[in-house]
Every structure is written in C-alpha cells, then in structure tokens.
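Accompanying notes for the structure given below.
Heavy-atom basis, side chains included; hydrogens, waters and symmetry copies ignored.
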Amino acid sequence: MKKTRILIIDDDPGIQFTISEICTYCGYEATAVSSGREGFELIQAQKFDLVILDYNMPDWDGLLTTKKIKAHAPNLPILILTVDEQQQTADKFMAAGANDFSIKPVKAPDLISRIKVNLHIGEMHRQMQRKKEAVYIEKGISLATMQLITDFLSKQDSEVTFEDISNGVELAYQTVHRYIKYLENNSLIEVVPVYGNLGRPKNTYKLIEGFDIHNI
C-alpha cells in the first residue's frame with residue numbers, strides 16, 4: 001500500500017525533526033527541506049499528499065512559496081505554520097491558495113488533527129478531478145489536448161481563427177474544431193466575427209478574461 005507522503009518546509013532543524021517524528025508516528029512518510037525554493041523543486045520532481053510550510057523563512061517566504069506551489073499543483077493542500085494569528089495574515093495566505101494554519105509552538109494533537117483534515121481535503125480534490133476527467137472522456141475531450149489548445153490561446157495578443165489555432169498547436173482542423181466548440185458551448189471563449197467584402201463573416205476566437213482550465 002502506498003504511504004502518504006508529507007513535505008515539511010521549515011528552516012528550523014528542530015521543527016523539522018519534531019514534525020517528522022509526528023508524521024512517522026502517524027504512519028506517514030515525511031521529507032524535510034530548509035527553504036521554499038528547495039521544497040518547490042522537490043514538488044516539481046515528486047508527488048506529495050500534503051505540504052507543511054513555515055511562514056517566516058529567508059529567500060522565499062511562506063507566502064511566495066505558497067503561490068509557486070499552487071501555480072504548479074493547485075490541488076496539493078498546504079498547511080501553514082506560523083506564530084502570527086492575525087486575520088490579515090491568514091487572508092493573504094488563503095488568497096494565495098493555502099488551506100489551513102497551525103500555530104507555533106507545534107502541539108502534536110492539534111497538528112495531527114489538522115494533517116488528517118487536510119489530507120482528507122486533498123483526497124476529495126483528487127476524487128473530484130477523477131470525476132471531471134471521466135466526464136471529459138465520455139464527451140470525447142482530453143484534458144491534455146484541452147490544455148495544449150488553451151495554453152496557445154492564452155499566449156495570443158488578439159483573436160485567432162481555427163486555422164491559426166490548428167497551425168499553432170499542430171493538430172488537425174477537425175480536432176481543434178471539436179475543442180473550440182466545447183469551449184464555446186460552455187461560455188469559456190469569446191467568438192468575434194470578422195466581416196469581409198463577400199460571403200459570411202469569419203469567426204475568430206479568444207479565451208474569456210480570467211479563464212482558468214482548473215475551473216472548467
């Protein structure tokens with residue numbers, strides 16, 4: 001059976017040791033690093049189920065590290081360690097994507113409870129993602145192909161045609177047509193007709209403002 005993997009990011013060796021021991025006691029596999037940058041690099045290379053992240057660190061602080069992690073792994077739960085109990089601080093972290101907080105000094109019962117809750121949240125996110133992917137498959141939609149097309153569209157300065165998209169992503173016109181129609185039917189793309197001198201107008205397309213593939 002696969003062990004639950006927890007990444008601890010804290011520049012205090014004593015905190016690293018304490019939390020690692022708590023994780024081991026609970027049957028989890030703990031990995032500890034001393035900087036946000038190092039933790040982010042690990043997340044890019046390996047799979048983790050939860051991140052326990054210190055607020056005050058040199059180089060990348062907890063807030064910047066949270067933003068970096070969430071941009072790469074939006075469903076990975078992050079539990080922030082902090083001595084700052086101000087609501088303003090919590091609001092900044094929540095806006096950046098943090099899931100929960102544990103106040104220092106670390107108390108084992110509180111931390112264990114919060115770890116379990118946030119692991120459950122992470123599992124719920126994964127189940128929802130699997131259901132979403134299953135729905136896409138039923139409709140003949142691949143998330144990977146959708147990502148390729150929407151990434152291309154997000155980089156364009158102006159509206160583009162089917163032909164532009166097809167050439168840009170190197171996919172068949174028919175494939176692109178299916179995905180653009182899916183986006184159009186779900187109001188995720190703007191259709192801008194271009195009128196020429198003769199015949200019907202030619203449609204061009206751009207993603208809606210604030211588009212996020214994780215929300216479709």
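How far CD1 of Ile52 is from CD1 of Ile80: 10.5 Å, rounded to the nearest 0.5 Å. Between Phe211 atom CZ and Thr150 atom OG1 the span is 4.5 Å, to the nearest 0.5 Å. From Thr175, atom OG1 reaches atom CD1 of Ile149 across 7.5 Å, with rounding to the nearest 0.5 Å. Distance check: Gln16 CD to Thr18 OG1 gives 10.0 Å after rounding to the nearest 0.5 Å. Expressed to the nearest 0.5 Å, how far CG of Asp10 lies from CG of Asp54 amounts to 4.0 Å. Note: Ile165 CD1 to Leu148 CG = 11.0 Å, rounded to the nearest 0.5 Å.
A distance-only check finds no donor-acceptor pair linking the side chain of Ser166 to the backbone of Phe162 [under 3.5 Å]. Proximity of a side-chain donor or acceptor of Arg5 to a complementary backbone N or O of Leu50 within less than 3.5 Å is not detected. For the pair Asp12 (side chain) and Gly14 (backbone), a donor-acceptor distance under 3.5 Å is present. The backbone N or O of Phe152 lies less than 3.5 Å from a partner atom in the side chain of Gln156, making a donor-acceptor pair.
One hydrophobic cluster, built from ILVMFWY side chains closer than 4.5 Å, holds both Met57 and Leu7. Using a 4.5 Å cut-off between side-chain heavy atoms of Ile, Leu, Val, Met, Phe, Trp and Tyr, with links allowed through other members, Leu64 and Tyr55 fall into the same hydrophobic cluster. If you chain together hydrophobic residues whose side chains sit under 4.5 Å apart, Leu81 and Ile22 fall into the same group. Both Tyr179 and Tyr205 are assigned to one and the same hydrophobic cluster, defined by single-linkage of ILVMFWY side chains at heavy-atom distances under 4.5 Å. Ile208 is connected to Val191 through a chain of hydrophobic side-chain contacts under 4.5 Å among Ile, Leu, Val, Met, Phe, Trp and Tyr, so both are in one cluster.
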Inset, instruction - For the pair Lys47 and Glu29, evaluate salt bridge (Lys or Arg N to Asp or Glu O under 4.0 Å) and give the outcome as yes or no after the intermediate values. - result: CA-CA 12 Å; Lys47 295 288 186 183; Glu29 179 183 322; over 6 Å; no
Legend entry - Val51 vs Leu76, side-chain contact (heavy atoms from CB on, under 4.5 Å): CA-CA, chis, key distance, verdict: CA-CA 7 Å; Val51 176; Leu76 179 59; 3.6 Å; yes
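Taking every heavy atom of both residues into account, Leu63 and Ala96 meet most closely at CD1-CB, 3.9 Å. Between Asp11 and Pro13, the closest heavy-atom pair is O-CD, 3.4 Å. Among all heavy-atom pairs drawn from Glu190 and Leu207, the shortest one is OE2-O, 4.4 Å.
Residues Asp61 and Lys67 are not paired through a salt bridge, judged by the lack of any N-O separation under 4.0 Å between the basic side chain and the carboxylate. Salt bridge status for Arg178 with Glu184: absent, with no side-chain N to carboxylate O gap under 4.0 Å.
Side-chain contact between Ser20 and Ile8 is present, with heavy atoms from C-beta onward closer than 4.5 Å. In this structure, Val83 and Ile103 have side chains that are not in contact, with every pair of non-hydrogen atoms separated by 4.5 Å or more.
Between the side chains of Thr161 and Asp164, at least one donor N or O sits under 3.5 Å from an acceptor N or O. For Thr31 and Gln46, the side-chain atoms include no donor-acceptor pair closer than 3.5 Å. Using modelled atom types and a 3.5 Å distance limit, the side chains of Asn99 and Asn118 yield no donor-acceptor pair. Side-chain polar atoms of Asp110 and Ser102 form a donor-acceptor pair below 3.5 angstrom.
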